[in-house]
There are 2 protein chains.
Amino acid sequence: MDGKDASPRGSTAQRIEAELLEDIAAGQIEAGARLDETKLAARFGVSRTPVREALSRLAAQGVLESGDRRGMRVAQYTREELAQMFEAMHEIEALCARLAAQRLTLLARSEIEAAQAECTRTARDGDLPGYLRANEAFHLSLYRATENPYIFDIASDFRRRTGPFRAKKFAATGDLIASAQSHEELLAKIFSADSNIAAEGMREHMTASFMRVLAAN
Amino acid sequence: MDGKDASPRGSTAQRIEAELLEDIAAGQIEAGARLDETKLAARFGVSRTPVREALSRLAAQGVLESGDRRGMRVAQYTREELAQMFEAMHEIEALCARLAAQRLTLLARSEIEAAQAECTRTARDGDLPGYLRANEAFHLSLYRATENPYIFDIASDFRRRTGPFRAKKFAATGDLIASAQSHEELLAKIFSADSNIAAEGMREHMTASFMRVLAAN
DNA sequence: GACGCATGTTTTGTATACAAAATCAATTGA
DNA sequence: TCAATTGATTTTGTATACAAAACATGCGTC
């Protein structure tokens with residue numbers, strides 16, 4: 001479940017795939033940016049073969065778009081497409097919140113709280129890269145609480161694809177603290193064990209998040 | 001939206017990917033079966049390179065599982081994993097039914113009815129390959145009615161992954177006719193424009209379908 | 001008869017070469 | 001000055017080669 005096929009594993013191609021995914025999620029490679037096989041091979045110090053495989057896999061997951069014989073670009077979206085993607089993501093996250101509220105174990109709850117404590121700490125320190133990682137761990141722990149690896153996969157796939165747009169939300173330390181604070185409100189609802197309140201709370205959280213994404217893109 | 005990256009397109013790798021997907025969905029390559037690069041290259045009359053790319057992409061989409069340096073296998077699931085996958089699929093299909101009921105256009109409705117008519121015709125003729133294609137078109141037209149390409153993608157991805165298991169439901173002409181009949185009941189609910197009735201009807205449809213999948217696997 | 005080890009064969013991951021297609025830049029003509 | 005065309009360069013898709021790892025088979029010993 002965790003790390004699926006994209007985690008750094010034995011093959012060179014898998015390592016490159018994971019590293020590119022991280023760069024895209026962090027906004028270091030922006031939406032619409034073109035990815036040059038030859039240059040990436042030079043960057044990673046390998047031949048084009050594992051680079052091509054990594055790019056091909058990212059395209060199969062929707063993170064990249066393949067222009068036939070025109071190279072690969074980071075998937076780019078119109079505002080309408082962005083809205084539709086976030087609508088789908090909202091529904092999936094609401095489903096996650098509802099199932100998490102229904103199935104919360106002590107272990108899952110402690111993981112979520114640990115991740116949220118890390119979010120709070122890095123937000124206060126103004127540590128953006130640290131906050132991005134902690135935010136990621138927070139959401140993944142929520143998905144994990146659904147106790148369904150396939151729903152986990154869908155939700156985490158959406159996080160990967162929307163990474164470049166969500167990274168832009170956090171322009172100032174104030175943004176990080178606001179985000180961590182909204183996590184607290186969301187958790188209060190999930191921990192209430194009322195799955196409908198949890199789902200509604202997640203929709204609110206996601207709507208607020210999406211408004212910030214639209215403003216930043 | 002339709003055909004996404006898997007439709008037969010310019011490159012050899014994409015054609016091979018689509019063809020393998022079709023074989024897996026139709027049960028001609030069964031769950032757990034090992035896929036040999038060298039043999040597939042001979043089958044398609046090409047070098048290993050486009051075959052490797054096609055396999056890699058199918059692995060990225062969860063259709064195949066990659067054993068590190070141990071080749072690829074069609075993803076195989078325990079009964080628990082199958083149950084979880086179908087749970088996720090049920091929730092996605094219920095979401096589709098709810099959104100389709102809310103957003104149904106005349107065009108979408110006519111497409112759904114045309115697909116259902118084809119299901120009924122091929123079921124009566126005992127035409128299994130034809131029924132599989134018509135059934136596919138029926139479900140895709142429902143997903144399309146959500147007017148959200150990302151939800152469409154999730155739902156159709158699940159159909160791809162569960163193809164090998166669902167194909168086994170249809171062992172006799174009676175199975176085809178029963179399936180087409182349950183479509184009618186589902187459509188009555190979707191066309192009722194009550195999105196909650198639509199979602200519930202889809203869950204019923206999917207639960208009945210899943211019971212048949214479990215019995216056949 | 002079963003288990004372990006060794007050897008040979010096959011498969012997979014990556015490097016490199018080649019051809020075709022796309023892109024870019026420069027020149028010419030209107 | 002701008003647009004179009006042409007030529008050169010670069011990038012992409014696929015073929016092939018090579019090395020490493022995995023798998024299968026056979027033989028020997030217990």
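Each chain gets a letter, A, B and so on, in the order its sequence line appears, and its residues count up from 1. The shown structure was predicted, so the numbers you read here are calculated from the model rather than taken from an experiment. The figures here come from the full heavy-atom set of this structure, side chains too, leaving out hydrogens, waters and symmetry mates.
- Between B/His139 and B/His183, the ring planes lie perpendicular to each other; the angle is over 60°, past the 30° to 60° tilted range.
- Heavy-atom neighbours of B/Arg203 CZ from other residues, nucleotides or ligands within 6.0 Å: above the threshold of 12.
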For nucleotides 9-15 of chain D, give me every protein contact, N/O to N/O, under 3.5 Å, one pair per line with atom names.
{"unit_1": "D/dT11", "atom_1": "OP1", "unit_2": "A/Asp36", "atom_2": "OD2", "d": "3.1"}
{"unit_1": "D/dT11", "atom_1": "OP1", "unit_2": "A/Lys39", "atom_2": "NZ", "d": "3.3"}
{"unit_1": "D/dT11", "atom_1": "O5'", "unit_2": "A/Asp36", "atom_2": "OD2", "d": "3.2"}
{"unit_1": "D/dT11", "atom_1": "O3'", "unit_2": "A/Arg34", "atom_2": "NH2", "d": "3.4"}
{"unit_1": "D/dT12", "atom_1": "OP1", "unit_2": "A/Arg34", "atom_2": "NH2", "d": "3.3"}
{"unit_1": "D/dT12", "atom_1": "OP2", "unit_2": "A/Glu37", "atom_2": "N", "d": "3.2"}
{"unit_1": "D/dG13", "atom_1": "OP1", "unit_2": "A/Arg69", "atom_2": "N", "d": "3.4"}
{"unit_1": "D/dG13", "atom_1": "OP2", "unit_2": "A/Arg52", "atom_2": "NH1", "d": "2.8"}
{"unit_1": "D/dG13", "atom_1": "OP2", "unit_2": "A/Arg52", "atom_2": "NH2", "d": "3.4"}
{"unit_1": "D/dG13", "atom_1": "N7", "unit_2": "A/Arg48", "atom_2": "NH2", "d": "2.9"}
{"unit_1": "D/dG13", "atom_1": "O6", "unit_2": "A/Arg48", "atom_2": "NH1", "d": "3.0"}
{"unit_1": "D/dT14", "atom_1": "OP1", "unit_2": "B/Thr12", "atom_2": "N", "d": "2.6"}
{"unit_1": "D/dT14", "atom_1": "OP1", "unit_2": "B/Thr12", "atom_2": "OG1", "d": "2.8"}
{"unit_1": "D/dA15", "atom_1": "OP2", "unit_2": "B/Ser47", "atom_2": "N", "d": "2.8"}
{"unit_1": "D/dA15", "atom_1": "OP2", "unit_2": "B/Ser47", "atom_2": "OG", "d": "2.2"}
{"unit_1": "D/dA15", "atom_1": "O5'", "unit_2": "B/Ser47", "atom_2": "OG", "d": "3.4"}
{"unit_1": "D/dA15", "atom_1": "N7", "unit_2": "B/Thr49", "atom_2": "OG1", "d": "2.8"}

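- Within 6.0 Å of the CD atom in A/Glu30, the count of heavy atoms belonging to other residues, nucleotides or ligands does not exceed 12.
- Heavy atoms of other residues, nucleotides or ligands lying less than 6.0 angstrom from CD of A/Glu136 number more than 12.
- Residues satisfying the ring pair (Phe, Tyr, Trp, His ring centres under 6.0 Å) test with A/Phe210, not counting sequence neighbours, are A/Phe86.
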